There are 2 protein chains.
Amino acid sequence: MISNIHSDHSDRRSASPEETRERILLAARDVMSRKGRRGATTREIADVAGVNEATLFRHFGNKDGLMAAIAQRFCAVFELQSLMDRLSGNLEDDMFEIGKTLMQSMNALRDMIAWSLVENDPETPFQVRIGDEVWRVPEAIHKVILDYMAGRIASGELHGDAPLLARLLMNIIFAHVMSRRKFPDAQIYDDADAALRFYIDVFLNGVRSK
Amino acid sequence: MISNIHSDHSDRRSASPEETRERILLAARDVMSRKGRRGATTREIADVAGVNEATLFRHFGNKDGLMAAIAQRFCAVFELQSLMDRLSGNLEDDMFEIGKTLMQSMNALRDMIAWSLVENDPETPFQVRIGDEVWRVPEAIHKVILDYMAGRIASGELHGDAPLLARLLMNIIFAHVMSRRKFPDAQIYDDADAALRFYIDVFLNGVRSK
DNA sequence: GGTGCGTGCAAGTACATACTTGCATAAAAG
DNA sequence: CTTTTATGCAAGTATGTACTTGCACGCACC
């Protein structure tokens, strides 16, 4: 039933405490992505991580501590400076670079983004509210997109309302990531880069024949 | 803390059993949309519905029965025949009609669509697996979009790969609905019809200046 | 080779929550 | 008027789960 990551139960101390902690965090994210926050039990998380339940509590104190650790561990801020340096000036290439950065960050956050859509219980303590933290990185990238679009609109290359356009592009990538997460077996969109180029082509040129 | 729908607790039988059942179903969907399936307690659902907890169990037997009832009540199949009749032949108008139908059905299903992204626990009994049921209606509409696009591509009005285009349009609407659900206060996209027309305009014509 | 630290293991406690039950009662149905 | 039905209410039971604790044990480091 439960497939644990490490099968070397026998050894008392096969890994460093940091590795143990990391295994628990990964297992917690995994189980929570299938069962939700309340549905994920500390026992199952410990089993999947291949550690004893007591070890989990020795590391994180309580379940909320584990949640807070997840928020800190997996919602780390991306380095966005290098993104700006990679922009060439070519419209398609730039949008591909920006879009790819957004897609990668959303892919890393996909599980927590999914939770943020369900678990918005105002009674949960704020340190544990992953739903609020997750969107910081995508929103930062969204700001980059917004600035870029505004510049291209000002220069006459694009037309339309910059906030609307930026949000639409972000939504397309968001839906792509969520679709692939929900339906991983769909043959469509196998190649992420090709999908992104397709999106940008439609976004820029439309699908109407000329 | 808890705001119940009906405040007329005093009467023993203020409503018909059907109304009571409906209140419980609505309350269950409401609470579950905030706390998830496991996080939603029968006590809170009963409180929000303004009924006694025992009444909830008398109606649905157990929590799984309530879940199954939700799946049946809120995932009802839309009538798609009238949609085909409303199509005029004009490309923009037709796509608006189809897109609007899809947007409305997704809006009705938004809470359950959100759950379906999180709770995919293979151990839950199949009758209760709302996550599988929810997508039937959108997929039916997706098929309409797919056929329509294929026809327009064959006639030369559109160009590209019909499955990809259909999926992209569906994704755009999916992301719109989820965005508005997650961030209801965002000033952007206030008017759903205007947003849809904007999406279709970008989809057909692109945003590049000509 | 001794000490401390991290872990497994087993046995717990406390509490929340799903679910039951018996009775009173009010409204509807006959 | 009588009966039935749907509900409220209060007091349950059973179980799962978060969390603790004491002890044994092995690995690393001095």
Side-chain angles (χ1 to χ4, degrees), chain A residues 1-2 4-25 27-28 31-32 34-70 121 123-125 128, chain B residues 1-2 4-25 27-28 31-32 34-70 121 123-125 128:
Chain A
M1 199 67 52
I2 291 169
N4 47 353
I5 298 172
H6 286 238
S7 52
D8 45 6
H9 264 214
S10 52
D11 296 11
R12 290 266 153 183
R13 195 141 159 223
S14 55
S16 71
E18 292 76 24
E19 284 167 329
T20 302
R21 180 187 160 92
E22 181 72 6
R23 286 219 310 270
I24 296 172
L25 287 173
V31 176
M32 283 181 58
R34 294 196 311 266
K35 315 234 178 160
R37 172 190 309 225
R38 288 286 243 287
T41 69
T42 54
R43 179 168 321 190
E44 182 174 359
I45 292 172
D47 285 344
V48 171
V51 303
N52 193 277
E53 197 181 355
T55 301
L56 186 154
F57 285 104
R58 290 194 187 106
H59 269 274
F60 301 100
N62 53 32
K63 199 177 174 182
D64 276 359
L66 176 59
M67 300 299 148
I70 286 179
D121 179 12
E123 293 169 31
T124 54
V128 193
Chain B
M1 195 72 52
I2 291 169
N4 47 353
I5 298 173
H6 285 240
S7 52
D8 44 7
H9 265 214
S10 50
D11 297 11
R12 291 265 155 186
R13 198 144 157 218
S14 56
S16 72
E18 292 76 24
E19 284 168 330
T20 302
R21 181 188 159 92
E22 180 73 6
R23 286 218 311 268
I24 296 172
L25 287 172
V31 176
M32 283 182 56
R34 295 195 312 265
K35 314 233 177 161
R37 173 190 309 228
R38 288 285 238 289
T41 69
T42 53
R43 179 169 321 192
E44 182 173 357
I45 292 171
D47 284 345
V48 172
V51 303
N52 193 276
E53 196 182 356
T55 300
L56 186 154
F57 286 103
R58 290 192 188 106
H59 269 274
F60 301 100
N62 53 32
K63 199 176 174 182
D64 276 359
L66 177 58
M67 300 299 148
I70 286 179
D121 179 12
E123 292 169 30
T124 54
V128 192

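No experiment lies behind these values; they were computed from the predicted model shown. A note on names: the letters A, B, ... follow the listed sequences, proteins ahead of strands, and every chain is numbered from 1.
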On a plain distance test, is the side chain of A/Arg21 in donor-acceptor contact with the base of C/dG6 below 3.5 Å?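 By the distance-only test, no, there is no pair.
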Taking atom types as they are modelled, is there a donor-acceptor pair under 3.5 Å from the base of D/dG16 to the side chain of A/Arg38?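 Between D/dG16 and A/Arg38, which were checked side chain against base, a qualifying N/O pair under 3.5 Å is absent.
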If you pin A/Thr20 and B/Glu53 to their nearest nucleotides in DNA chain C, which one's is more 5'?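 First, find each residue's nearest nucleotide; the 5'-ward one identifies A/Thr20.
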Of all the heavy-atom pairs spanning A/Ile45 and A/Ala40, show the shortest one and how long it is.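 Shortest heavy-atom separation between A/Ile45 and A/Ala40 comes out as CD1-CB, 4.3 Å.
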Measuring to OP1 and OP2 of [N], would you say a side-chain N or O of [X] lies under 4.0 angstrom away?
X       : N      : answer
A/Thr42 : D/dA18 : yes
B/Thr55 : D/dT7  : no
B/His59 : D/dA6  : no

When the distance from [atom1] of [X] to [atom2] of [N] is rounded to whole Å, what number comes out?
X       : N      : atom1 : atom2 : answer
B/Met32 : C/dA18 : CE    : C1'   : 15 Å
B/Glu18 : C/dA28 : CD    : P     : 13 Å
B/Arg43 : D/dA10 : CZ    : P     : 13 Å
A/Leu56 : D/dT20 : CG    : C1'   : 14 Å
B/Lys63 : D/dG16 : NZ    : C1'   : 12 Å
A/Phe57 : D/dG22 : CZ    : P     : 17 Å
A/Asp47 : D/dA18 : CG    : C1'   : 15 Å
B/Asn52 : C/dA26 : CG    : P     : 16 Å

For A/Ala40, answer base if it contacts any base atom (sugar-phosphate contacts may also be present), sugar-phosphate if it contacts only those atoms, and nothing otherwise; contact means non-hydrogen atoms under 4.0 Å.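 A/Ala40: backbone/sugar contact only, no base atoms under 4.0 Å.
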Around atom CZ of B/Arg34, are there more than 12 heavy atoms of other residues, nucleotides or ligands at under 6.0 Å?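 Yes.
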When you measure from the side chain of B/Lys35 to the backbone N and O of A/Arg38, does any donor-acceptor pair fall under 3.5 Å?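 The answer is no, because no donor-acceptor pair under 3.5 Å joins these two groups.
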If only atom types and distance count, is the side chain of A/Glu19 paired as donor or acceptor with the main-chain N or O of A/Ser16 below 3.5 Å?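 Yes.
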Side chain of B/Asn62, heavy atoms from C-beta onward: which of C/dC9, C/dC19, C/dC23 has the nearest atom to it?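 Looking only at heavy atoms from C-beta outward on B/Asn62, the closest nucleotide is C/dC19.
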So do A/Ile70 and A/Met32 actually touch side chain to side chain, heavy atoms under 4.5 Å?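 Heavy-atom side-chain distance check passes, below 4.5 Å.
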With nearest nucleotides of DNA chain D determined for A/Arg58 and A/Thr41 from heavy-atom distances, which residue corresponds to the more 5′ nucleotide?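 Going by which nucleotide is closer to the 5' end, it is A/Thr41.
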